[in-house]
Amino acid sequence: MTLLTEHQPQPSRLPEPGTHITSLDRYSVGSADCGDALKEDYFDSMEPVVFAAVEPPRRSLGRLVLHSLVMFGREFCYAVEAAFVTPVLLSVGLPESLYSLVWLISPLLGFLLQPVIGSASDYCRSPWGRRRPYILSLGIMILAGLSLFLNGDAVVSAIVQDKSLKTIWAIVIVMFGVVLFDFAADFIDGPIKAYLFDVCSHADKERGLHFHALLTGLGGASGYLLGAMDWGHSSLGRLLGSEYQVIYFFSALTWTVFLTVHLFSIPETPLSKDSSLDPLIPCSHLVHSSHSSSGGYGSLHGSMSKDSETDLQPGSFSALGESNSVTSSSKQPNKQQKRMSLKSCLMAMITMPNHYRFLCISHLLGWTAFLCNMLFFTDFMGQIVYKGNPYADHNSTAYERYERGVEIGCWGLCINAISSAIYSYIQRLLLPYIGLKGLYFIGYFVFGLGTSLIGLFPNIITTLVLCSTFGVMSNTLYTIPFNLISVYHHEDEVQRRMGKGNSAGQDRGTGVDCAALTCMVQLAQILVGAGLGALVNMAGSVIVVVLSASTMALFGCLFIAIFIRNVEKPLQ
């Protein structure tokens with residue numbers, strides 16, 4: 001069964017005369033010899049009818065762009081957070097041995113709650129729609145977290161006079177703001193993607209995801225560029241009070257405007273209170289839920305595997321983003337499907353075949369290496385490259401050097417965002433020659449080599465040039481593992497059709513394995529948050545940040561070379 005991919009709905013095919021169907025039950029209780037075949041023929045003949053009934057209208061280019069602007073705003077704020085959280089925390093007096101713990105709380109909550117919250121919007125019966133109430137709530141939380149972490153120190157300084165008490169309150173408020181922002185920004189991605197899939201046709205999903213990816217890159221680059229400017233000595237900085245207030249002004253304005261545009265870009269159809277099926281359920285879920293008895297989480301192969309032959313091409317990373325971003329929220333609230341839970345997600349990961357498990361481990365190693373470097377890179381630039389001191393008085397030369405290092409670090413992260421976009425095209429050119437495993441290995445190796453050289457030669461020019469290797473790693477992490485997932489599922493489906501595979505893993509879906517990969521990102525953040533601060537304290541220098549990133553990346557290279565299953569050729 002293949003979903004329609006044409007821009008215009010196809011004419012409905014009705015069953016041939018003499019093959020009148022009165023109920024699906026007659027196929028479920030039919031003879032063992034012909035029941036499955038008749039049922040498949042029936043759905044093949046009736047699929048266009050179902051598809052035409054649920055296919056949303058085509059959306060204009062402008063509507064899709066307006067809908068995607070929220071990704072620009074989200075990534076813009078993410079870039080500000082990544083660049084300034086560590087400098088802000090250190091400037092308010094947080095000890096270096098504890099500064100990585102701020103990244104621990106949010107992923108812990110996400111690891112435990114993401115499967116539950118991710119599917120909750122499927123059951124929302126708000127008259128405003130299923131997704132937009134969740135997006136608005138999380139958007140307000142993002143704005144609140146941004147306000148607390150960039151303005152917490154200034155507010156506390158204006159209210160509290162006692163120096164020791166002021167330090168404690170500033171640390172608490174800033175950390176709470178970071179956790180609130182990080183939690184909301186992580187969770188909002190699922191409802192945003194689900195909103196796109198609910199209101200767009202099959203063809204428009206691809207275009208919408210393309211704009212999401214494009215504006216995500218532009219938003220990140222713009223956010224890092226904002227942090228690279230010297231706002232402290234500008235007229236705007238003097239007007240608003242400090243550099244952090246200027247950055248907050250632009251970040252809050254960008255997020256508020258783009259979130260508002262997103263919420264009013266395309267109207268949603270509310271989930272009817274007297275209906276067991278939502279009118280916007282994609283055809284693949286309707287068809288699959290009708291002829292699958294399992295219907296639980298992890299049993300999407302009936303609808304996803306055949307789509308993979310046409311949609312999950314190695315060059316189409318946006319299709320992979322679809323399965324990744326709405327792992328849980330794409331589930332629809334019908335009677336034969338269950339709410340996704342932490343238990344079901346963990347059981348699916350425990351029972352996955354070895355080649356999927358090895359892919360998850362390599363993904364964990366890669367994200368641990370990447371986050372070790374990215375979350376603390378601006379602090380490394382300020383302390384090691386520029387030899388500044390974040391604990392010095394704010395009017396001292398040492399603190400000014402540290403601030404200058406943070407600004408130059410933002411330029412380096414901007415180079416990372418640009419190189420990631422450029423490498424996406426190079427990756428497509430290399431794919432036919434070295435394959436997915438080769439690209440996977442190269443991404444880890446280039447990043448490990450680059451961070452090693454930065455640690456050994458921490459000067460301005462070398463560091464900025466080698467920041468381009470960060471983009472190679474980020475693009476690799478966002479694309480290659482999910483591409484491998486799609487190829488693995490395609491191979492498993494081919495084996496199943498040929499009768500050569502065993503029954504183990506046949507109930508798995510692309511969604512459950514993408515959920516496992518997503519959980520590895522959060523687990524990596526937990527490991528970094530729990531361990532990196534202790535390493536910095538033991539070493540007595542933040543240079544251990546880039547050295548740890550390099551070690552994990554090179555170890556990941558060895559793991560990929562030994563354990564990742566080679567794919568002889570990508571999907572055709």
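Not measured: the values here are computed from a predicted model. FYI, the numbering just counts along the sequence from 1.
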Could you check L371 against F376 for side-chain contact (heavy atoms from CB on, under 4.5 Å), going step by step and ending with a plain yes or no? CA-CA 8 Å; L371 292 175; F376 307 100; over 6 Å; no
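- Annotation for F176: atom CZ does not count as buried by contact number, only 12 or fewer foreign heavy atoms lying within 6.0 Å.
- Side chain to side chain, T476 and Y440 fail the donor-acceptor criterion of an N or O pair below 3.5 Å.
- Other residues, nucleotides and ligands contribute more than 12 heavy atoms inside 6.0 Å of the OH atom of Y78.
- Cation-pi geometry between R565 and Y488 is satisfied (NZ or CZ under 6.0 Å from the ring centre, within 45° of the ring normal).
- Note that OG1 of T368 and CG of L523 are 7.0 Å apart. Values are rounded to the nearest 0.5 Å.
- Shown here is F250, whose CZ atom has more than 12 heavy atoms of other residues, nucleotides or ligands within 6.0 Å.
- Between atom NZ of residue K437 and atom OG of residue S362 there is a gap of 10.5 Å, rounded to the nearest 0.5 Å.
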Given side-chain contact (heavy atoms from CB on, under 4.5 Å), test Y423 with S474 step by step and report yes or no. CA-CA 10 Å; Y423 183 67; S474 65; over 6 Å; no
From CA spacing to verdict: side-chain contact (heavy atoms from CB on, under 4.5 Å), C467, L413: CA-CA 7 Å; C467 280; L413 295 177; over 6 Å; no
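- The aromatic rings of W367 and H363 sit perpendicular, their planes meeting at an angle over 60°, well past the 30° parallel limit.
- The CG atom of L69 sits 11.0 Å away from the OG1 atom of T254 when rounded to the nearest 0.5 Å.
- The distance from atom CG of N566 to atom CG of L436, rounded to the nearest 0.5 Å, is 9.5 Å.
- A side-chain contact (heavy atoms from CB on, under 4.5 Å) with V536 is found for exactly one of D379, V545, I543, namely V545.
- The six-membered or imidazole ring of H355 lies away from that of F563, with a centre-to-centre distance of 6.0 Å or more.
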